[in-house]
Amino acid sequence: MSTRESLQEVLKDKIGDALFVVVSNREPYIHRWSEGKLVVDKPASGLVTAMDPMLRTSNGIWVAHGSGNADRRVVDKKSRVMVPPGEDLYTLKRVWLTKEEERGYYYGFSNSTLWPLCHVAFARPTFDTMEWETYKRVNQIFADAVLEEIGDRQAFIWIQDYHLALLPAMLKEKRPDLLVAQFWHIPWPNPEIFRICPWNKEILEGMLGNDLIGFHIKMHCENFINTVDQSMEVRVDRERSAIFHHGGVGTKVLDFPISVDKEMIGKDAEKDYSYNEVIQDAKRSLPAKCKYIAVGVDRVDYTKGIPERLRAVDRFLEKYPHMVRNFVYLQMGALSRIRIGLYKSLNDEINQLVDEINWKYSTDDWTPIVFLRRNLTYPEVLAFYKMANVCIVSSLHDGMNLVAKEFVASRSDEDGVLLLSKFTGAARELDEHSVIFNPYDIEGFADAIHEAVSMPKPKRRRRMRRLREIVEENNIYRWGENFVSELAKLA
Ligand code: F6P
């Protein structure tokens, strides 16, 4: 099994004295003011869940957008601060953006163009020239920040996600000797979808500045290779999963299914969180005789299938009336990207559905759906996982979905059932031992909830044990080791 220590060894062996630099839009720790006090938040982000343990191990630098209203207060002259707060294990270098830049680059091109383009969730992407121009400018701001930070040192630059598609080529243009890689945390669509983007070639050229590109699953690698092959003058070596361009320079494209630190989550989940106010509140809202608790933990995003889940709960209660008053669905919804119209209307739709379903079924001492609209802390999320008989992950399309793996990692009692959408990357690894369903098929979804809550204990245990073995074997450290080892081969 890979561990923090074995990853440390791999990093020492493969990277040596070179600087280890991770670049992403989202920062792992956000400083903000709350009632006059400085507080630190950890954002609801799969990327942060995965990369924070990597950085803690590597003594590297993480370059990211400083988005908190107290972020400037805690940094040094070079915009750097040591994190995690109190542990000081690695450097976070913050990049500052104006509101205008954030609007065009983050809310605009990243999340209104690339996000819907890459996720097949039937949301139409927008194509706005000003936002595209801002996206280019902000990628250059990140490039300047990274180049300033590394000076003339050797470095291994590991870029995260779709906000920074142009950064690889910008870095390589100035420093062709750098080793540059990118992990794309979301799906890659088929070529027919991607080519509708007016700037598709510039995006692909930017990404081909990488020595290595990683996706969660093979299908996304194939989609990417086919997209490049159909729109650019390149030579594709499918055997080696490589694309050759610009006078023979190559980019390898491989799958690396991301994961979590199963051991750490397991240990943390064993602690007692019953004192926590949010947990106490939630428990108070459960009827005394409630037999079954299902939970969902999501950013409120239209790719997560939250309205579909609420409709399935409705159908489940209709179809299996003996579950009325015996079942509660607890939804944790962290508000996200709320300045984008689609996200606003999703929120309204969810509020309306919760209200309608609760009105339809609730009695004096029972409501079927409890919706907590906030970003819960890590201990709170663990406490909810532990209370649950079932965890529902119903994404319409998802690169991986780390909630599924976190839930499994937290269940050291070997109980609980994972109800998992077949359209998540996680379903490729966890399908045999979870209850798999299609979130678009509300009837089938309702039956899947029924199957999950009625599963007998020996079967639950057998399945959860097997799921835990899979997540233990393919943990976050193994993911990091595999990625770094592949990249080192290209040095
Ligand atoms: O996992 C995909 C991802 O887009 C990450 O890049 C991101 O951190 C996370 O979802 C949450 O989104 P955001 O950073 O926009 O809040």
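Both counts, for ligands and for their atoms, begin at 1 and track the order of listing.
- Of all the listed residues (D161, V48, L47), D161 holds the heavy atom that lies closest to atom 2 (C) of ligand 1.
- Of the candidates T57, N59, D52, D52 is the only one forming a side-chain hydrogen bond (donor to acceptor under 3.5 Å, both in side chains) with Y90.
- Looking only at side-chain heavy atoms (C-beta outward), L204 and F224 come within less than 4.5 Å of each other.
- Residue-to-ligand polar distances place R337 within reach of ligand 1: an N/O pair is separated by less than 3.5 Å.
- A cation-pi arrangement is absent between R73 and W33, since the terminal nitrogen or guanidinium carbon is not both under 6.0 Å from the aromatic centre and inside a 45° cone about the axis.
- Annotation for ligand 1: atoms under 4.0 Å from non-hydrogen atoms of Y106 are 13 (P), 15 (O), 16 (O).
- Per-residue contacts place Y162 under 4.0 angstrom from the following atoms of ligand 1 (heavy atoms of the residue considered): 4 (O).
- For atom 11 (C) of ligand 1, the nearest non-hydrogen atom of the protein is R299 NE, 3.3 Å.
- When ring centroids are compared, Y135 and W199 stay outside the 6.0 Å threshold.
- Note that CG of N226 and CD of E192 are 9.0 Å apart. Values are rounded to the nearest 0.5 Å.
- For ligand 1 and W115, the ligand atoms under 4.0 Å from any heavy atom of the residue are 4 (O).
- In terms of polar-atom proximity, defined here as any N/O pair under 3.5 Å, S45 does make such a contact with ligand 1.
- Residue, atom and distance of the protein heavy atom nearest to atom 14 (O) of ligand 1 are R26 NE, 2.9 Å.
- Among protein heavy atoms, atom 1 (O) of ligand 1 sits closest to H185 CB, 4.0 Å.
- Between W115 and Y162, the ring planes lie tilted relative to each other; the angle falls in the 30° to 60° range.
- If you run salt bridge (Lys or Arg N to Asp or Glu O under 4.0 Å) between E148 and each of K93, K78, R80, R175, only K93 comes through.
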